[in-house]
Q: 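What follows is a structure written as structure tokens; I'll ask about it next.
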Amino acid sequence: MQKIDVRPLGPHEYAVTLTEGTDTTNHRVVVPDDLLDQLALDPDDRETETDLVRESMAYLLDRIAADEIDHDVDLEELANENAGYSGEVLSRLGLG
């Protein structure tokens, strides 16, 4: 069982707690404006941005264990390092 808890910290910055079974990890996720532009998402839509963070962490959890995910996650770096990220995360959001 996995759980993803996302809480806003500030503009385009989130605290994320991942729980996999009995393991819990904490992360700081940044959503750069450039990524929002690239994905054609409204930078003022906090709900969609929160969903983007949640689905991005789910994307990572599908590939690696929570304790292998860096504490600090920059979603633009994630997109640049993973060719299929943008299309998959938009599909997960129901936008692609």
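By convention here, the first residue in the shown sequence is residue 1. Atoms considered below: every heavy atom in the structure, side chains included; atoms not considered: hydrogens, waters and symmetry mates. From a predicted model like this one, the values you see are computed outputs, not experimental measurements.
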Q: Got Leu18 and Leu61 here, is their nearest side-chain heavy-atom distance under 4.5 Å?
A: yes

Q: So, taking the atom named CD1 in Ile4 and the one named NE2 in His27, what distance separates them when rounded to the nearest 0.5 Å?
A: 9.5 Å

Q: Do you know which of Asp5, Leu52, Val29 makes side-chain contact (heavy atoms from CB on, under 4.5 Å) with Met57?
A: Val29

Q: Find the distance between CG (Leu75) and OH (Tyr85) and round it off to the nearest 0.5 Å.
A: 4.5 Å

Q: Establish whether Val30 and Val53 are linked, either directly or via other cluster members, by ILVMFWY side-chain heavy-atom contacts under 4.5 Å.
A: no

Q: Among pairs that include at least one residue of residues 66-75, which meet side-chain hydrogen bond (donor to acceptor under 3.5 Å, both in side chains), considering only residues two or more places apart or in two chains?
A: Arg28-Asp72

Q: Can you tell me how far CG of Leu39 sits from CG of Leu90, rounded to the nearest 0.5 angstrom?
A: 5.0 Å

Q: Rounded to the nearest 0.5 Å, how far does OH of Tyr59 lie from CG of Leu78?
A: 6.0 Å

Q: Examine Leu95 and Val31 and state if one hydrophobic cluster contains both, with Ile, Leu, Val, Met, Phe, Trp and Tyr joined whenever side-chain heavy atoms are less than 4.5 Å apart.
A: yes

Q: Check whether more than 12 heavy atoms from other residues, nucleotides or ligands sit under 6.0 Å from atom CZ of Arg7, and answer yes or no.
A: no

Q: Tell me if a side-chain donor or acceptor on Glu20 pairs with a main-chain N or O of Ala66 at a distance below 3.5 Å.
A: yes

Q: Between CD of Glu55 and CG of Leu93, what distance do you get to the nearest 0.5 Å?
A: 6.0 Å

Q: Restricting to pairs with a member in residues 38-49, which pass side-chain hydrogen bond (donor to acceptor under 3.5 Å, both in side chains), not counting sequence neighbours?
A: His12-Glu49, Tyr14-Glu49, Gln38-Ser86, Asp45-Thr48

Q: Out of curiosity, Ile69 CD1 to Asn26 CG, how far, rounded to the nearest 0.5 Å?
A: 12.0 Å

